[in-house]
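First the proteins, then the strands, lettered A, B, ... as listed; each starts at 1. Below, each value reflects all heavy atoms present in this structure, side chains not excepted, and no hydrogens, waters or symmetry copies. Since the model is a prediction, treat every value here as computed from it, not as a measurement.
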Protein chains: 2
Amino acid sequence: MTDPVSIRERLIDCGLKITPQRIIVYQALLESDDHPTAENVIRKIKSTHPNISVGTVYRILETFVKSKLISKLKTEKDVMRFDVRTEEHHHLFCCESDRIEDYHDENLNRMLEEYFRRKRIQGFRINDIKVNIVGQFKVKKS
Amino acid sequence: MTDPVSIRERLIDCGLKITPQRIIVYQALLESDDHPTAENVIRKIKSTHPNISVGTVYRILETFVKSKLISKLKTEKDVMRFDVRTEEHHHLFCCESDRIEDYHDENLNRMLEEYFRRKRIQGFRINDIKVNIVGQFKVKKS
DNA sequence: CTGCGTGCAAATGGTTTGCACTACG
DNA sequence: CGTAGTGCAAACCATTTGCACGCAG
C-alpha cells in the first residue's frame, strides 16, 4: 500500500486538485500489478467505496492520462487498458489471452535511441518509441 | 485499382469463400492508402454499393483479421483501424492528430531480430515485434 | 466565494448479434 | 444441396455527457 501522502504530492506535481476520489483511483491503479481496464479499477474500488461513480472514474482516468500520470495502452482488443508505471518500458502481449506484462530493457532502449539518433525519419520528429512484443507466455500466470 | 482476379486468389489462399461483398471490401481496403476505420471503409463502399450492410462489413473485416489477410491497429482513440499491408512493418503515430503512417525499415527489423535471438525473454515465445513510433509530422499531409 | 470535481442517469456510438434469407462451392 | 455468408435492425456495452450539487483552494 503506497503512502497517500506521496500520492498527494504526485497529484500536486501534475497540477491536479486533490480529491478523495482521485486518491482512491490512483491507489487502486498502484495496487493493480497488471494493466487494468477501467472496469477493473471500478470493481476494485466499489468493494471499499461503493459510493464512487463510474463516470467519475472514467473522468479521473482521462485526467490522469492528460497529465501524463498514467498512460493508455493500445491493444487489438476494444477495451482500453491503463498503466501506472512511468519509467520507459515496453510490453509483452499474449496473443492467446488478454494478458499484458511490462518489459523493461535498458539495453533495448539504448539501442533504439542510438539507432534513431543516426537514422532520422524524414519529416517526422520522434517523441517516444514503444515496442510491442507479441507472443505466448510459456508458463501461465501464477 | 487492383485486379479482382488477384484478390480472388488471395482470398482463396486464406481459405475464404469468394463473395462479391468480400471482394468489394478488400478492394476498398487496398484503395485506402492510410489506415481506415471500419466506418471509412463503409462510407467508401456505400457510394458505389449502397446495398451492402454495415454488419457485413464488420464481419468481413473480422474474418480478414482472423485469416491474417489484414491487421487491426489500435490508437489511444477508441476506434479500431485496419491495415492491408502484409509485409513486416511498423507505424508512425502522430500525437497531435489521428494520422498513422507505415514505417518500413529492413535494418530495424534485422537489428531487432538479431537482438532478440540473442537476448531471450524468460518464459515468453516471441511471434512478432511491432515498433510504435510516436511523434509529430513536420509537414502536414499533402 | 468560485469554479472545478462529482454523482447520477441518460445518451452516445462503434461494434456485435439473432434471424430469416441467399448463394457459394 | 448444405452450410457459410448476408441484410436488417435491434441489442450491446464501454465510454461520455448534461445537470444539479458539493467541496477544494
Side-chain angles (χ1 to χ4, degrees), chain A residues 4-5 7-28 35-46 48-67 69-70 72-82 98, chain B residues 4-5 7-26 28 35-46 48-67 69-82 98:
Chain A
V5 174
I7 294 181
R8 269 167 216 275
E9 283 169 0
R10 276 190 250 185
L11 293 177
I12 291 168
D13 286 349
C14 291
L16 296 176
K17 258 190 199 173
I18 306 295
T19 70
Q21 292 87 342
R22 285 181 178 172
I23 292 177
I24 291 163
V25 169
Y26 196 67
Q27 209 153 40
H35 302 78
T37 63
E39 206 234 323
N40 292 152
V41 175
I42 291 162
R43 200 174 34 240
K44 166 166 262 187
I45 290 174
K46 281 283 180 186
T48 51
H49 302 82
N51 40 319
I52 199 167
S53 157
V54 171
T56 300
V57 174
Y58 275 101
R59 270 185 292 224
I60 289 176
L61 289 170
E62 212 47 50
T63 305
F64 285 179
V65 170
K66 284 215 187 70
S67 312
L69 203 59
I70 65 176
K72 277 186 178 177
L73 236 48
K74 314 165 197 184
T75 73
E76 315 90 48
K77 308 289 161 44
D78 56 351
V79 284
M80 206 52 80
R81 299 180 54 165
F82 298 89
D98 55 359
Chain B
V5 174
I7 295 180
R8 268 166 215 274
E9 283 170 1
R10 278 192 247 186
L11 294 177
I12 290 169
D13 286 348
C14 290
L16 296 175
K17 256 189 198 174
I18 307 295
T19 70
Q21 292 86 342
R22 287 182 176 170
I23 293 176
I24 291 163
V25 169
Y26 196 67
H35 302 77
T37 63
E39 207 234 321
N40 292 152
V41 175
I42 291 162
R43 200 174 34 241
K44 168 166 263 187
I45 290 174
K46 280 285 182 187
T48 50
H49 302 81
N51 41 317
I52 199 167
S53 156
V54 170
T56 299
V57 174
Y58 275 100
R59 270 185 293 225
I60 289 176
L61 289 170
E62 213 47 51
T63 304
F64 284 179
V65 170
K66 284 215 187 70
S67 312
L69 203 60
I70 64 176
S71 55
K72 275 186 179 179
L73 282 185
K74 179 85 165 192
T75 70
E76 311 90 46
K77 309 289 164 44
D78 56 351
V79 286
M80 205 55 81
R81 300 181 50 165
F82 297 89
D98 56 358

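At whole-Å resolution of the value, NZ in K17(B) and C1' in dC1(D) are 11 Å apart. To the nearest angstrom, C1' of dG5(D) lies 15 Å from CG of L61(B). Residue I42(B) contributes atom CD1, which lies 12 Å from atom P of dG7(D) at whole-angstrom precision. Distance F64(B) CZ to dT6(D) C1': 14 Å, rounded to the nearest Å. dG25(C) atom C1' lies 14 Å from atom CG of L11(B), rounded to whole Å. In this structure, CD of Q21(A) is placed 17 Å from P of dC4(C), rounded to the nearest angstrom. The CD1-C1' distance, from I24(B) to dA23(C), rounds to 14 Å in whole Å. Remark: C1' of dA14(D) and CZ of R81(A) are 14 Å apart, rounded to the nearest angstrom.
Taking NE2 of H35(A) as the reference point, atom NZ of K72(A) lies at 15.5 Å (rounded to 0.5 Å). The CD1 atom of I60(A) sits 5.0 Å away from atom CD1 of I52(A), with the distance rounded to the nearest 0.5 Å. Note: L69(A) CG to D13(A) CG = 9.5 Å, rounded to the nearest 0.5 Å. The CG atom of L73(B) sits 9.0 Å away from atom CE of M80(B), with the distance rounded to the nearest 0.5 Å. Here the CZ atom belonging to R22(A) is positioned 7.5 Å from the OG atom belonging to S67(A), to the nearest 0.5 angstrom.
Of the residues near DNA chain D, R59(A) and F82(A), the one whose nearest nucleotide (by heavy atom distance) lies more toward the 5' end is F82(A). If I12(B) and E39(B) are placed on DNA chain C by their nearest nucleotide, the residue sitting closer to the 5' end is E39(B). Residue order along DNA chain C, read from the 5' end via each residue's closest nucleotide, puts A38(B) first among A38(B) and P20(B).
For Y58(A), counting side-chain heavy atoms from C-beta on, the closest listed nucleotide (dT15(D), dT16(C), dG25(D)) is dT15(D). Among the nucleotides dA24(D), dT16(D), dG7(D), the one closest to the side chain of E62(A) is dT16(D). Comparing dG7(D), dT15(D), dT15(C) against the side chain of V54(A) picks out dT15(D) as the nearest.
Y58(A) places a side-chain heavy atom less than 4.5 Å from the side chain of I42(A).
In this structure, T56(B) reaches the dG7(D) phosphate: one of its side-chain N or O atoms is under 4.0 Å from OP1 or OP2. Phosphate proximity of dA24(D) to T19(A): absent, as no side-chain N or O sits under 4.0 Å from OP1 or OP2.
Overall bending of the helix from dC1(C)-dG25(D) to dG25(C)-dC1(D), expressed as the angle between end axes built from five pairs apiece, is 50° (10° steps).
Ion pairing of E39(B) with R81(B) is absent here, as no side-chain N (NZ or NE/NH1/NH2) approaches a carboxylate O to less than 4.0 Å.
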